[in-house]
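Take a look at the structure below.
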Amino acid sequence: MDTVIQSLGLTVAYGSQRAIDNVTVSFPERQITAIIGPSGCGKSTLLRSLCRLVELTDGVEIWGRVIFDSEDIYAPGVDVTDVRKRIGLLAQRPYPLPMSIYENVAYGPRIYGIRQRSALDELVEKELQAAGLWEEVRHRLNEPASALSIGQQQRLCLARGLAVEPEVLLCDEVTSSLDPLSTQRIESRLIELKQQYSIILVTHVLRQARHLADYVVFMYMGELIEHGPSEEFFANPKHEKTRAYLAGEFY
Amino acid sequence: MILHRRLVKDRIAYYLMLAGAGLSIALVPLIALALAGRASTLLDQQSLGKLMFSVTWSPLKGEFGFLPFVVGTFWVTGLAMVIAVPLCMLSAIYIAEYAPNRLRASVKPLIDLLAGIPSVVYGLWGILTIVPFLRDYLIPRLSGLTRIGLLNAENPTGYSVLSGGIVLAVMVFPVIISTLDEVFTAVPHGIREASLALGASRWQTIKGVVLRRASPGIIAAIVFGFSRAIGETMAVMMVVGNVAQIPRSIFDAGYPLPALIANNYGEMMSIPMYDAALMTAALVLLLVVFLFTLGARLILMQAMRSV
Ligand SMILES: Nc1ncnc2c1ncn2[C@@H]1O[C@H](COP(=O)(O)OP(=O)(O)O)[C@@H](O)[C@H]1O
Ligand SMILES: [Mg+2]
């Protein structure tokens, strides 16, 4: 198994409180990794520190390294916009940009200098298809994105994220605010997308982790407790915390 | 029994507040009615429309043209906005988007403090610094340099609509900056993050997402600032020169409506109709400011709903 991104002794603190503590873990390439654990255990913090979004929080401190493409993304001189382009994040709640459906998807490519209308048209269609939204919006591309339902908005955000062609796709509980049908749609897209992308998925729904993940990382109170290939992890958890969590003794 | 007393107190408080609110709402039409009553002797003879568009202000001959004052008001206010809006946009963007929380927390009270400085102090500051700056530096350097009429410096004194505009701009900074800051803060953090997560730079995010989302609010803040500025033009009577003419250049003297009223009320009252003319001026001012403030409120409400 090849590693796409790896954290080394990663510690993140908000003020004096450590949200993740000394996390060292490798994420496999072109597979789906699920990060699981009870609420508040640092899953989001870990995910957001893999794409340098965590540093936007006021008063946050970060130690350790994150190796991506054989470079530390926290090294001085690294272009943070380049890191964020190559490692995309899909947030828990969809935040459509204040523009049309079309412009939402074209937003990233435009930033990277694609101006030609035909190229943009093609890209927008391709990514909306990849996100499974094309058929629903092809006749209303110029409507404001906020007019979509929340499930459609989340798929739009997926298309928007894919349009900058990231190598890694981070997903933070992306289905937690969605209805079952929308959840199913997103899940099936993710399974298709792992052909091309390495996906790291935070979830607190064990069913989703079992269903989607090739690899599982279990966190508890900011610490990495156990990680391993999905089948092994679920069939044969080694740590007693993991066993208790899988047995539903705490959430 | 105790419950009963609490209910009675509740009722009393309710009626007191109702009376207070009713009184303050009724105040505007009451003032307008009083002004209209005193203005009627003039308005019976000449229509408001004719007065508004007549250029000659010559009370001894019974000619009361308000146009120079209305135009003067809008000159000073317009200049103030031209100066204030770009600067306020930059400061508000910095405060809301770039400044660390701690700095932001200490700057905001300072801005509110600025809003509390009495306007006469700003007027004095204008006489002490802005007027001499124009007279000694700007006008000598600009005169003869361009043929642009707006920059013609035929009046070398420095007492001009530009001085008024600068002083007024500084006066409306706080209200525009705080309104803009509120508008920017109302933009959800998640959409900034969505843009940054795609690899947009901070400035690209502000330009492409934050300003776009905030644009109705920005317009509202500007209109709001404008309506405040019109009402405050009295404070600049110390620096605008007070000549009843239509300014042609930013260095010409002007005469805003509030300055007209403040300078002349109580004097020369023996001139027939003078009193009625000033009342008409006050009525016009009240209506203009009222309409602008109302418009600004409506736009602001609309904007806040769409954000
Ligand atoms: N912006 C923040 N400021 C302060 N503390 C935070 C912030 N975000 C998260 N935390 C704290 O860090 C810990 C981990 O949070 P988080 O990473 O969101 O966990 P999870 O995603 O697993 O629910 C929690 O204790 C939470 O209270
Ligand atoms: Mg979370």
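Chain naming here is simple, since letters A, B, ... match the order of the sequence lines and numbering starts at 1 in each.
The shortest heavy-atom contact between B:V209 and A:L97 is CG2-CD2, 3.9 Å.
Ranked by non-hydrogen atom pairs under 4.5 Å with chain A, the options B:A197, B:A194, B:A200 are led by B:A197. Of the residues considered (A:I111, A:V164, A:V80), A:I111 shows the highest number of contacts with chain B, using heavy-atom pairs under 4.5 Å.
Legend: residues meeting salt bridge (Lys or Arg N to Asp or Glu O under 4.0 Å) with A:D121, ordered by chain and number and at least two apart, are A:R117. Remark: A:E192 pairs with A:R189 by the salt bridge (Lys or Arg N to Asp or Glu O under 4.0 Å) rule, at least two apart or across chains.
The environment of A:Y74 atom OH is dense: over 12 non-hydrogen atoms of other residues, nucleotides or ligands sit within 6.0 angstrom.
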Under 3.5 Å, which donor-acceptor pairs link chain A and chain B? Put them in a table for me, please.
unit_1, atom_1, unit_2, atom_2, d
A:R48, NH1, B:E193, OE1, 3.4
A:R48, NH1, B:E193, OE2, 2.7
A:R48, NH2, B:E193, OE1, 3.2
A:D58, OD2, B:N101, N, 3.2
A:D58, OD2, B:N101, ND2, 2.8
A:Y107, OH, B:S195, OG, 2.7
A:Y112, OH, B:L198, O, 2.9
A:Y112, OH, B:G199, O, 3.3

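Proximity to chain B (any heavy atom under 4.5 Å) is restricted, for A:P96, to the backbone atoms N, CA, C and O.
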Derivation of the side-chain contact (heavy atoms from CB on, under 4.5 Å) call for B:L196 and A:L56: CA-CA 10 Å; B:L196 292 170; A:L56 297 177; 3.5 Å; yes
Under 3.5 Å, side-chain donor or acceptor atoms of residues 27-37 of chain A against the rest of the protein: list the pairs with distances, not counting sequence neighbours.
unit_1, atom_1, unit_2, atom_2, d
A:R30, NH1, A:Q195, O, 3.2

